[in-house]
Structures are given as structure tokens and as C-alpha cells.
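What you see is a predicted model, and the numbers here were worked out from it, not measured in a lab. Atoms considered below: every heavy atom in the structure, side chains included; atoms not considered: hydrogens, waters and symmetry mates.
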2 protein chains.
Amino acid sequence: MIFDGTFADGERLDEVQLAEKFAVSRTPVREAIQRLALSGLAEQIPRRGVFVRQPGPVELIEMFEVMAELEAVCARLAATRISDAALAELHATNERCNAAVSAQDADGYYHENEKFHAILYRQSGNSFLEQECSRLHKRLQPFRRMQLRLRGRLKQSMGEHEAIVAALEEGDGEKAASAIRSHVAVQGEKFHHLMASLKHAAE
Amino acid sequence: MIFDGTFADGERLDEVQLAEKFAVSRTPVREAIQRLALSGLAEQIPRRGVFVRQPGPVELIEMFEVMAELEAVCARLAATRISDAALAELHATNERCNAAVSAQDADGYYHENEKFHAILYRQSGNSFLEQECSRLHKRLQPFRRMQLRLRGRLKQSMGEHEAIVAALEEGDGEKAASAIRSHVAVQGEKFHHLMASLKHAAE
DNA sequence: CTTTTCATTCTTGTATACAAGAAACTTGAT
DNA sequence: ATCAAGTTTCTTGTATACAAGAATGAAAAG
């Protein structure tokens, strides 16, 4: 994958090189590369090839801002549309999150956290919105994951989750929206950590 | 194009057929088709081919809802970030819109309307958000355009534009957001018109 | 010694040939 | 007559061959 640090920013994706690396012909490699280019992970320059395009700090912040706003929309819509079953599932997921925090199980937390957000997207009652959120979430996944390694972040994140669920239970869309906005937003320490990890990824 | 009514929903895109139609080989046709599939205009089923996927009424309403929310975010962010020059440009665009309305020039109005929204996206100060908005806007373009043919819609739309600009001038993000939300939202007559046009597109 | 131009080489883009899986049709049996 | 199984045909997916444009290096001129 591009995130593994296997590919640096600006690096050219050589078709023949990748072809022999995966022991296939150029054709499927080209198709795969074009998919990358279309999803924004690489930039295609006609007759010149496609180049890996790691998002810079500015673009990352922008993406997180959009993610926060999209999730806020989900929350606002979900506040009036969410089902009781889904609310129960959010609670259950949150409890499993809590257990993971107690067990210092970062990966477990990560998994349940994913689930939490997926449920939220689904409960927006708008499957197109759900799709778009999932797409961006996936794109930000590696950067999001890094944040969880911050000291004390797990516990803090848990509290934010609970605030979100509480707002949803009250049916207060604006409260839920602002709660998730600050949950996702990149700011302060998180930003610095993000910058640091970016530097690391560039090496 | 897919919108021209050339391709009906569910129709298979035959590679060889398109290849000889455009007098090229299958390879570039395949690449083009894959691009369509990735942008959501077609669905690819492995070993079965790709099929045109016109959005149904439900999906269209969902997309318009997301568009409304995204533009609302743009407006809210723009309210604090917009430049005086951009505000002036919005005013100018709006006046040209007005002239087009007086001249019954639907195409002219359409063009200036595009500009209006483009400026708004830009002034969110978030180029990623700008990109995403433009993408969705382009996708909804044919359906949006149909709405403008509704009687009295041009004048009404104009008023909404002015309300948006006014809110931006006041720096009132929430007001601007809700103004643009109702501007873009699909409801009432607009919905029925949308449904009718969908039926027409399906024939 | 530097710069410009030409030639060679390398890479992308396109065409064609081949393989594998799916669909359709035929043939046989119940 | 209907249904099932096998075969044929058609379509997608992959490999290879070819063409065209870009980059690099060498050679010649200023």
C-alpha cells in the first residue's frame, strides 16, 4: 500500500517495475494505478506517468475539517432519524470501547471506534452520505490511527463518544453535531502530532 | 454522454461496440468505462461487464440533501473567511443573474448561477471541500438544470441568492447556512418535477 | 567551456492476440 | 413437452506487440 511508507511523495509509479514485481502484465497494473489516481492518492500527468501524492499538512487539515463537518451532518440527521436498536448498539459499542481502554488494547479500541462511526453514518438515514463518509474515513484512516497513540487520547475520545450518544438520545441534533465536530477536529496537540507523523512518513 | 438519454438505466456498456463506434481499440474504451464506474455513473460486475446506473429518486434526493449540507458548510465557513473582493464578485454575479432573469435568458442565468456557487465553494477557504462540492455539483448538474425550467423558479432562486449574500455580509454563518440549505434542498414541487424528469430519462 | 541540437533510449498509450469464465443454445432424457 | 446437461459462442480480463512522445546523453558549434 501507499501508506506503508513503501512509496514516498512524488515518486513515480513505474508500470513495468510494478508489473514484474507482482508478476503480471502492464495492463492490470495500469488499471490499478488509474484507480489510485482517480481516488486522489496519485496524480496522473499525461505522457509522463502517475506520481504518488501524499497529502501535505494543509490538505490534511482541510480533509479533517470536511470529515468533521460531514460527521456533524450525520449526527444532526441521525438525532431525528436514529432507531432505538441503533442507539442500543452505539451504547454496546461504547462499552466494548471502554473495556478496550481498560485493557490498554489500542487495536481493539480502534476497531470498536470504527464501528461507532459506521453506525453513525448509517443512522443518518442517507445512504449516499454514508458512502461519502466511509470513503473519506477510509482515506484518513492511517492518520486517524496515529492520533490514538497519543497519551490519554483514548480516554478523552471515549468521553466524547458518550457525549455524542447522550445528545442523540436527547434528540438534540445541534448538540450532537457540535460534539462530533470537536471529536474529529484537528487542533492543538493533535495537529502537532499529525505534523510530526507527516515528517516521519516522508522519510 | 450518459445524461443525453443515449444510455438507459441498467444498459450494459459493450466494450467492442463502443470501441468500433469511436474507432479505437478496446483498451482506451475499458479505461474510460472504468473511470465512469469509479465515479459512480456505472456499476461494474466482475466477469459480467459494467452497467449504466442512473440514480433513482431516493438516491437523487439523498444526493441533493448532501449537496445542501455541503454548501451549508461552505456558507458557514465562508461567513468568517470570505474576502471583500469575493463579496463584491458575488454581488456582481447576482446582478448579472438578475439581468439574465429579466431577459428570460435561462442559459445565461444558469451560467452565472454556476459561478455563484463556485465562488461560494472557493470562499470556504478549504480547497478540499471546494473540490468535493464541485464534484457533486457536476454530478447533479443535469438534474439541477431541469429545475430551473420551473415557472417562477428563476426569480425565487434569485431572492435566495440575495439572502445568502446578505447573511455572508453580516458574517452570520448559521443564517447563511440555513439560507443555502433551503436553496438547494429538494422538496415539494421541485421533487415532483424531479420525479417527472426521471421518468422521462428512463424512457 | 558552455550551449544547442540531434539521436538514442525509455516510457506511456494503443492495438491486437490469447485465455478464462459466463451465457445461450442444442440435444437428449424423463 | 419440459427440464437438464453438455457444447458452442460471446464477453471480459490479461498478455504482448507496436507507435508516439518525452527524457537523456552525445556531439558540434559558438
To the nearest angstrom, how far is [X] atom [atom1] from [N] atom [atom2]?
X	N	atom1	atom2	result
Q17(B)	dT11(D)	CD	C1'	12 Å
Q34(A)	dT11(C)	CD	C1'	15 Å
D14(A)	dG13(C)	CG	P	12 Å
I45(B)	dG13(D)	CD1	C1'	16 Å
R47(A)	dT12(C)	CZ	P	10 Å
R35(B)	dG13(C)	CZ	C1'	12 Å
F51(A)	dA23(D)	CZ	P	9 Å
L13(B)	dT11(D)	CG	P	14 Å

Once you apply a heavy-atom cut-off of 4.0 Å, does [X] come out as touching a base, just sugar-phosphate, or nothing?
X	result
R48(A)	sugar-phosphate
V24(A)	sugar-phosphate
R30(A)	base

Want to settle it: does A23(A) or P46(A) sit nearer the 5' end of DNA chain D, counting the closest nucleotide to each?
->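 Of the two residues, A23(A) wins.
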Hey, is the side chain of [X] poking within less than 4.0 Å of OP1 or OP2 on [N], counting only N and O atoms?
X	N	result
S25(A)	dT14(D)	no
R12(B)	dT12(D)	yes
T27(B)	dT14(C)	no

Assess the pair H161(B) and H91(B): is the distance between their ring centroids shorter than 6.0 Å?
->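 No.
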Answer yes if the side chains of Q34(B) and E31(A) hold a donor-acceptor pair under 3.5 Å, and no otherwise.
-> yes
Side-chain donor-acceptor pair under 3.5 Å between S127(B) and E62(A), yes or no?
-> yes
Which residues satisfy the side-chain hydrogen bond (donor to acceptor under 3.5 Å, both in side chains) test with Q123(A), sequence neighbours excluded?
->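 Q123(A): no side-chain hydrogen bond (donor to acceptor under 3.5 Å, both in side chains) contacts found.
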When you measure from the side chain of P28(A), which nucleotide among dA15(C), dT14(D), dT12(C) comes out closest?
->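 The closest nucleotide is dT14(D).
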Does a side-chain N-to-carboxylate-O contact under 4.0 Å join R139(A) and E132(B)?
->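 Not counted as a salt bridge, because no side-chain N and carboxylate O are separated by less than 4.0 Å.
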Nearest-nucleotide comparison on DNA chain C, the residue closer to the 5′ end among E31(B) and R26(B) | E31(B)
